[in-house]
Protein chains: 2
Amino acid sequence: MTDIAAAAGVSVMTVSRAYRNAGRVSEETRTRIAEAAARLGYVPNLAAAQLSSRRSRVIAATIPSLSHSQFGLTLQALSDPLREAGYQLLLADCGYSAEEELRAVATVLGHRPEGLVVIGVDHGEAAQSMIRQAGIPVVETWDLDQPPLDMAAGFSNRAAARRMAEYLIGTGRRRIGYVDFPAPVVRRFAERRRGFVEALEAAGLRVDLTLPAHEGVGGYARGHQAVEKLLQLEPRLDAIFCATDAHGIGAMLECQRRGIDVPAQIAITGIGDFDIAAEIPPGLTTVRLHAGEIGRSAAKLIIDRLAGAMPQEQVLDIGFEIIRRGSG
Amino acid sequence: MTDIAAAAGVSVMTVSRAYRNAGRVSEETRTRIAEAAARLGYVPNLAAAQLSSRRSRVIAATIPSLSHSQFGLTLQALSDPLREAGYQLLLADCGYSAEEELRAVATVLGHRPEGLVVIGVDHGEAAQSMIRQAGIPVVETWDLDQPPLDMAAGFSNRAAARRMAEYLIGTGRRRIGYVDFPAPVVRRFAERRRGFVEALEAAGLRVDLTLPAHEGVGGYARGHQAVEKLLQLEPRLDAIFCATDAHGIGAMLECQRRGIDVPAQIAITGIGDFDIAAEIPPGLTTVRLHAGEIGRSAAKLIIDRLAGAMPQEQVLDIGFEIIRRGSG
DNA sequence: TTGTACGCGTTATCAG
DNA sequence: CTGATAACGCGTACAA
C-alpha cells in the first residue's frame with residue numbers, strides 16, 4: 001500500500017480510505033490510486049486490515065464432505081448472500097470424526113471469522129467448547145433434532161423419516177426394510193433411523209429388516225445390495241425405506257433388473273429428493289429437503305445477527321416435503 | 001496469546017514457539033501452555049502470524065460453482081493433501097463471468113495465499129494479469145487446451161470430444177446431433193464443441209444438428225428437449241452427442257419414454273462419467289475425466305513447488321478414457 | 001480533503 | 001531453553 005501511495009503521490013491513509021470508501025477522497029485522487037493499483041497489481045492485505053480493524057469479514061463453514069452434492073447446494077446458497085453482504089466464506093472439511101472436526105474448527109477459528117456455519121452438525125465435546133469460547137454467532141444446519149449451540153436452520157431428520165414411514169404404512173405396507181447410510185454414527189442418519197423405528201413400532205411392525213450402517217458398500221450399489229439382502233431376510237418384503245436417495249435409486253434399478261414390480265410388489269422410498277430421483281421411472285417417492293433454502297437461511301441468520309439484529313427466531317425450521325412419485 | 005503467556009507464567013515468545021514446534025521448549029512448559037490454552041479456548045491468530053511471518057499457509061482455489069458435483073470431487077481431492085501439508089484451502093466462487101471472476105480473484109489474493117488453484121480455467125484479461133502479479137504458483141485445471149499461466153493439471157476437452165465423436169463415427173453413425181452446455185461461452189465447453197465439429201468435418205458429416213448453448217433449459221431436462229428438437233431437425237437422426245452426462249442421461253430417459261431403441265435407433269453419449277451414468281440401463285457411453293486425480297495432481301504441483309522443487313512437468317495431462325456402455 | 005502517531009497479535013532476530 | 005525488541009501492513013483517532 002505504501003508503494004501505491006508513493007506511485008499515486010498521496011499518503012497511505014488516503015489510499016486506505018479510497019479502498020474502503022471511508023471519509024472523503026476526491027475523484028481525481030481516487031482514479032490516480034486505482035490506476036496505480038491496477039498497474040502494480042495491488043490488492044489490499046486483508047490480514048493486516050483484520051489485525052488493525054479487528055474485523056475479518058470472514059464467515060467460516062465446516063462441512064463433512066466437499067463432494068456431497070446436497071451440501072454443495074447449501075454451500076452455494078450460503079456463499080452468495082454472504083458475498084453480497086461483504087463477507088468471504090472460508091470452508092473447512094470437518095470429515096466425519098470428532099478428531100477431524102476439532103482440527104477443522106481450530107484452523108478456521110484461527111482466521112477469526114465473524115461467524116460460523118456448521119453444515120451437518122456433529123460435535124465432539126472439545127469442538128463444542130472451542131466454538132462456544134470463540135464468542136461468535138453460530139448457525140448449525142441440516143439437523144434440528146438437538147438443541148443448538150446458538151442458532152440453527154434445518155429440519156428434523158427424525159420427523160422426516162417418521163412421516164415417510166407413516167406414509168408407507170398408510171399405503172398398506174407391512175414388511176418394510178430399512179437401508180441405513182454406511183457411515184459410523186452420523187447423527188443425521190441416526191435420527192432418520194430413529195424416526196423410522198418409531199413409526200414402525202407405533203404400528204406394531206417388524207423393525208429387524210435392515211441393512212445396517214456397518215454392512216455393505218455405499219452409493220447406488222448399496223441399493224442393489226439392499227434388495228438382495230432384504231429379500232433374503234424376508235421374501236415377502238413389501239417396501240424398502242432408504243436413508244438417502246442414492247440408495248433408493250440403486251434399489252429401484254435393481255428391482256427393474258430383477259423384474260420386480262415397483263411399486264406393486266415392493267414400494268421404494270428415499271430421502272433427499274436428488275435431481276435424478278424424479279427422472280428414473282417410475283420416479284422415486286422421497287422427502288424434499290430444501291438444501292438451498294437451508295444455506296440461504298443460515299446466511300440470513302448470520303448477517304442479521306452481525307448487523308446487530310437479534311432475530312426472534314433463533315431456530316429456523318425449513319421443514320421438508322413428502323414428494324410422492326411412482327415408486328411408493 | 002499474551003493471556004496464555006501470563007496464565008502459563010512464561011513470555012509470549014515461548015508460547016509462540018510451543019505452538020510452532022520451533023526452537024526448544026521444555027516438556028513442562030509446553031504442557032502448562034497447552035493447559036492454559038485449552039482452559040481459555042485459545043486459538044492462535046493466523047492473521048497476525050501471517051503478517052509477521054509473511055506466510056499465510058493458505059492455498060486459494062477459484063471454482064465456478066460449489067454445487068457442481070464433479071468439481072466437488074476435484075475439491076475434495078485437492079483439500080486433503082493440502083491439509084496434510086499444513087495448508088488451508090480458501091475457496092472463492094468465481095461464477096461464470098469475467099467480472100465475477102475478477103472479484104473472486106481480488107478477494108482471495110487479499111488473503112495472500114501462497115498458491116492458487118483455478119478450477120475450470122476461464123480468465124478475463126484483468127484477472128489474468130492480477131494473478132500473474134501475485135507472483136505465486138498457479139495451477140489451472142480441467143482444461144489443457146490453452147497454454148497455462150504457470151502450471152496445469154487436466155485434460156484436453158477438445159481431444160476428449162473429438163475422440164468420442166470419432167468413436168461414434170467408427171460405429172457407423174452418420175447423422176449425429178450435438179447438445180451443447182447451456183452457458184454463455186465457457187471455454188471447456190467451447191473446446192468440446194470444437195472437438196466434435198472437427199471429427200465430423202473430417203468425416204464429411206453434417207454439423208448442423210445441434211441444440212445450441214443459448215437455447216433451452218439445463219440439467220436432465222435438457223436431454224429431454226434435445227431428443228425432441230433434434231428429431232424434429234432430422235427424423236433419421238442416429239446419434240446424440242451430449243456435452244455432459246446430465247444431458248446424456250436425460251436423453252436416454254426421454255428415448256426410453258418414447259419407445260426409441262437405444263442404441264439400435266439412436267446412440268447416445270455423454271462426457272463426465274457421472275456415477276449415475278453406469279446405473280441407468282443400458283448404461284451411458286461416456287468419457288471418464290478423473291476429477292479426483294485432477295485435484296490430487298494440482299495439490300501435488302503446488303506443494304512440490306512450494307517445497308522448492310521445480311517440477312519437470314509443468315503441465316500434467318491426466319487424460320481421459322472412453323467408457324463404452326450400452327447406449328452407443 | 002488529507003496527514004500523523006499508535007496499536008492490532010504474532011514472529012524474526014538477537015541476547016541471555 | 002527462554003526473553004526483549006522491532007517489525008509486518010493496515011485502520012482508528014485525532015489533528016491540520
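Here is how names work: the chains are called A, B, and so on, in the same order as the sequence lines, proteins then strands, and each is numbered from 1.
Nearest nucleotide to the A/A49 side chain, out of D/dT2, D/dG11, C/dT10: D/dG11.
Salt bridge B/R188/B/E191: absent, no basic N to carboxylate O contact under 4.0 Å.
Closest heavy-atom contact between B/L66 and A/Q76: N-OE1, 2.8 Å. Closest approach of B/A37 to B/I4, counting heavy atoms only: CA-CD1, 3.7 Å.
At D/dA4, none of the side-chain N or O atoms of B/S11 fall inside 4.0 Å of OP1 or OP2 (strictly under the cut-off). Contact check, A/Y42 against D/dG9: no side-chain N or O comes under 4.0 Å of OP1 or OP2.
Distance check: B/L316 CG to B/L301 CG gives 4.5 Å after rounding to the nearest 0.5 Å. The NE2 atom of A/H290 lies 9.5 Å from the CZ atom of A/F155; values are rounded to the nearest 0.5 Å. We find the CD1-CD1 distance between A/I294 and A/I119 to be 9.5 Å, quoted to the nearest 0.5 Å.
Not a single donor-acceptor contact under 3.5 angstrom links the side-chain atoms of B/R112 to the base of D/dG9. Looking at A/R55, its side chain has no donor and acceptor atom pair within 3.5 Å of the base of D/dG11.
Inter-residue side-chain proximity for B/R57 and B/Q88 is flagged as unmet; no heavy-atom pair is nearer than 4.5 Å.
The nearest whole Å value for the distance from the CZ atom in B/R17 to the C1' atom in C/dA12 is 10 Å. Summarising the geometry, the separation between CG on B/D3 and C1' on C/dT10 is reported as 14 Å, rounded to the nearest angstrom. In this structure, CG of A/L46 is placed 10 Å from P of D/dC10, rounded to the nearest angstrom. Rounded to whole Å, the distance from CG on A/N45 to P on C/dG9 is 16 Å. In this structure, A/R57 places its CZ atom 21 Å from P of C/dC8, rounding to the nearest Å.
A distance-only check finds a donor-acceptor pair linking the side chain of B/S53 to the backbone of B/A49 [under 3.5 Å].
Among the heavy atoms of the strands lying under 4.0 Å from B/R20 are primed sugar atoms or P, OP1, OP2 only; no base atom is included. In this structure, B/Y19 reaches neither bases nor backbone, as no heavy-atom distance under 4.0 Å exists between it and the strands shown.
Residue pairs meeting the side-chain hydrogen bond (donor to acceptor under 3.5 Å, both in side chains) criterion with at least one partner in residues 31-46 of chain B, sequence neighbours excluded, are B/E28-B/R32.
Under the ring pair (Phe, Tyr, Trp, His ring centres under 6.0 Å) criterion, B/Y87 pairs with no residue at all, not counting sequence neighbours.
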Pairs: protein N or O with nucleotides 5-8 of chain D N or O, under 3.5 Å:
residue	atom	partner	partner atom	Å
D/dC8	O3'	B/R54	NH2	3.2
D/dC8	O2	B/L51	O	3.4
D/dC8	O2	B/S52	N	3.2

Per-pair distances, 0.1 Å, donor-acceptor, side chain in residues 100-111 of chain A, under 3.5 Å, sequence neighbours excluded:
residue	atom	partner	partner atom	Å
A/E100	OE1	A/S97	OG	3.2
A/E101	OE1	A/G124	N	3.2
A/E101	OE2	A/H123	ND1	2.8
A/T107	OG1	A/R103	O	2.8

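Within residues 27-41 of chain B, no residue has any heavy atom under 4.0 Å from DNA chain C.
Each end of the helix from C/dT1-D/dA16 to C/dG16-D/dC1 gets its own rotation axis from five pairs of C1' atoms, and the angle between them is 30° to the nearest 10 degrees.
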